[in-house]
2 protein chains.
Amino acid sequence: MRSTVEDLTTRARIRDAAIALFGRDGFSRATVRAVAADAGVSPGLVIHHFGSKEGLRQACDQHVLAQTASQGKEKADPSSTRHLIQDYLNHPGQYADEIAYIRRSLGDESDAGNAFFDAVVDQTQGIIEAGIEAGTIRDFEDVRSTAVIIASNSLAMLVLGRHLSRALGTDSGPGTDASETGGISPDLLRQLTLPALDIYTHGFYADARFLDAARDALQHNNATTQGREHAP
Amino acid sequence: MRSTVEDLTTRARIRDAAIALFGRDGFSRATVRAVAADAGVSPGLVIHHFGSKEGLRQACDQHVLAQTASQGKEKADPSSTRHLIQDYLNHPGQYADEIAYIRRSLGDESDAGNAFFDAVVDQTQGIIEAGIEAGTIRDFEDVRSTAVIIASNSLAMLVLGRHLSRALGTDSGPGTDASETGGISPDLLRQLTLPALDIYTHGFYADARFLDAARDALQHNNATTQGREHAP
DNA sequence: TTATATACTAAACACTTGTTCAATCAGCAG
DNA sequence: CTGCTGATTGAACAAGTGTTTAGTATATAA
């Protein structure tokens, strides 16, 4: 009874305002009154449509997940997660609210954050397996763990985007859309692309010394609680 | 089960309770009354000692930063950030509150989070420069950006630790210390160490195709807003 | 037309929030 | 002892919170 038809109704306006506010201020800091004001309705109507603030959150979770899931499946061929971010660059600001919402969900204890992370990992794993078969990606022993690491590294740019901008001085100044939403600016992504791909192509260490040392340490140290030489 | 000694002053007890609660529930969700209850004092005394809830937060920021800064400078020689996490593994649960606090600070808009991230980047950069000189780390063109990427990747395990556990099924079950605090369990780190070091040693891609393509795309595309082929 | 159901608002309710305040209590200087 | 200062509390306050409720408008169906 819902979905596309009601998507232009008051209910959808409330939900979109909630997505924007939850993403910007977090779920607990954003108030029902602020959502109502942004949507141009009364606070009571928000409860009337969604039952409670928690119900509103679940509706937001569901909508954002459905939207990003359809987006993700469309562009899941050559590269991996960063393709989604790149797509966001070509349509700047369009998905800003949803992205900020996901960033908050990943940090909070949220079902939507869990589902999103798992979806990214699964998608990454599929890409790695296809890349291995095509010869473009190295043949890893533990594909699952590798996918988790790649997904974690990629999503780190989303979660820590604000810090990346600041640490590199690529901040376009206060008041910018990127610094407001914490998103990644095109300039920042351009600056980080080559160094990241360099590591992903030629590695970070000059040789296999650290890897061999860690492998030995872990083999000689399987049952004990000691786990030394994890670096970096 | 509070920390080791009751030798602390009341002010310190309040601050430690606040660090634990702010880290577990976030600043806005944690209430002054809950902090007071955990510290065994009245809500008014919290305000008496710290002026306001915001003052309490700044005291927590200052204390956690001072503690982690001294910790960081002690172990800043061979490896990088993960050395800090590894040290945390050898002393399980001891720094759990501070780590959860930092994880929350990195996600929220917090001065402590900014300072911590910048400190990790600076420390990582120093390690990279030393490694380049020693020949253990590859000679990167843009050391700063590389340091930011490495720091981001490392801190991602902190921020996204809960998702890593779940996606790998290494969760030691609900009620565990790791799943409560969102920290990284020793098992999880052991499982991720070799795949991560494998990427950091031999790279992720099988050859330089993606890197070359991205370099060409960025050179031919300097002034425009288009920025294609960032992968993965 | 009436009747019914729904969208919607304004106001109030019950509760929690951070904070204040007067009043104790303990230690210490004179 | 008195007097003073800071720690500490219990109660209260003002503002904000999510939610409820009574009531109004609107539209659709009979």
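The sequence lines fix the lettering, A, B, ..., with proteins before strands; numbering per chain opens at 1.
Rounded to whole Å, atom C1' of dT17(D) lies 8 Å from atom NZ of Lys53(A). Rounded to an integer number of Å, the gap from CD1 of Ile14(B) to P of dG6(D) is 17 Å. Counting to the nearest Å, the P atom of dG6(D) and the CZ atom of Phe50(B) are 17 Å from each other. Taking atom CZ of Arg13(B) as the reference point, atom C1' of dA7(D) lies 12 Å away to the nearest angstrom. dT17(D) atom P lies 15 Å from atom CZ of Arg29(B), rounded to whole Å. Whole-Å rounding puts the His48(A) NE2 to dC8(C) C1' distance at 7 Å. Rounded to whole angstrom, the span from the CG atom of Leu21(A) across to the P atom of dG18(D) amounts to 11 Å. Counting to the nearest Å, the P atom of dT24(D) and the CG atom of Leu45(A) are 18 Å from each other.
Across all strands shown, Thr31(B) has heavy atoms under 4.0 Å from sugar-phosphate atoms exclusively, and none from any base. Val41(A) comes within 4.0 angstrom of sugar-phosphate atoms only, judged by non-hydrogen atoms across all strands, and of no base. Residue contacts for Ala30(A): at a heavy-atom cut-off of 4.0 Å it reaches the sugar-phosphate backbone alone, with no base atom in range.
Closest to the side chain of Ile47(A), from the set dT9(C), dT17(D), dT19(D), is dT19(D). For His49(B), taking side-chain heavy atoms from C-beta onward, the closest of the listed nucleotides dG18(D), dG18(C), dT8(D) is dT8(D).
The existence of a salt bridge linking Asp38(A) and Arg24(A) is excluded, since no basic side-chain nitrogen approaches an acidic carboxylate oxygen closer than 4.0 Å. Under a 4.0 Å N-O distance rule, the pair Arg144(A)/Asp122(A) qualifies as a salt bridge.
Looking only at distances, no side-chain donor or acceptor of Arg104(B) sits under 3.5 Å from a matching main-chain atom of Phe27(B). Listed for the Ser110(A) side chain is no donor-acceptor partner under 3.5 Å among the backbone atoms of Leu106(A).
The side chain of Thr10(B) places an N or O atom within less than 4.0 Å of a non-bridging phosphate oxygen (OP1 or OP2) of dT8(D).
No more than 12 heavy-atom neighbours from other residues, nucleotides or ligands sit within 6.0 angstrom of CG on Asp111(B).
At a cut-off of 3.5 angstrom, the base of dG16(D) holds no donor-acceptor pair with the side chain of Arg33(A).
Between Pro43(B) and Pro43(A), the residue whose closest nucleotide on DNA chain D is further toward the 5' end is Pro43(B).
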